[in-house]
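See below for the structure under consideration.
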Amino acid sequence: MLCTLTSLGAAVLLWRGYRRSRQRLLYWSALCFAIMAVSNGLLILDLVVLPDVYLLPWRSGVNQVALLVLIYGLIFESD
């Protein structure tokens, strides 16, 4: 639960930084952390709420999307 809240907090802070400075890398980082918060939410669902449902492939897919978003931002939006 704390990891979900931390990822969401980091995403909010990065988004606020992006709105102030318009640095595109902050945008991609905020998006990555927001997707990671979703992944952490899926972890809570997988282990606590729905222990009988196997959500590992979904969690892994969401994590891969988050990292691909960050890698895209690092490669194509760097100055």
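Just the heavy atoms: all of them, side chains too, but no hydrogens, waters or symmetry mates, feed the values below.
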Distance (rounded to the nearest 0.5 Å) between [X] [atom1] and [Y] [atom2]:
X: S21; Y: R16; atom1: OG; atom2: CZ; value: 12.5 Å
X: L26; Y: W15; atom1: CG; atom2: CH2; value: 10.5 Å
X: I35; Y: S7; atom1: CD1; atom2: OG; value: 11.5 Å

Do R22's NZ or CZ and the ring of Y18 fall within the cation-pi criteria of under 6.0 Å and 45°?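 Yes, a cation-pi geometry holds between R22 and Y18.
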Cluster check [X], [Y]: I/L/V/M/F/W/Y, side chain < 4.5 angstrom:
X: Y54; Y: V38; answer: no
X: L2; Y: F33; answer: no
X: I75; Y: L31; answer: yes
X: L56; Y: W58; answer: no
X: V12; Y: M1; answer: no

Please find the pair of heavy atoms, one from [X] and one from [Y], that lie closest to each other, and give the distance.
X: V62; Y: S39; value: CG1-CB, 3.7 Å
X: L67; Y: M36; value: CD2-CE, 3.9 Å
X: A66; Y: C32; value: O-SG, 3.3 Å

Angle class for the W28/Y72 ring planes (parallel below 30°, perpendicular above 60°, tilted otherwise)?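 Plane angle over 60°, so perpendicular.
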Side-chain contact test, heavy atoms from C-beta onward, threshold under 4.5 Å: evaluate it for [X] versus [Y] and give yes or no.
X: T4; Y: L8; result: no
X: L42; Y: D46; result: no
X: N40; Y: R59; result: no

Counting neighbours of CZ on R24 that are heavy atoms of other residues, nucleotides or ligands and sit closer than 6.0 Å, is the number greater than 12?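 Yes, the 6.0 Å shell around CZ holds more than 12 heavy atoms from other groups.
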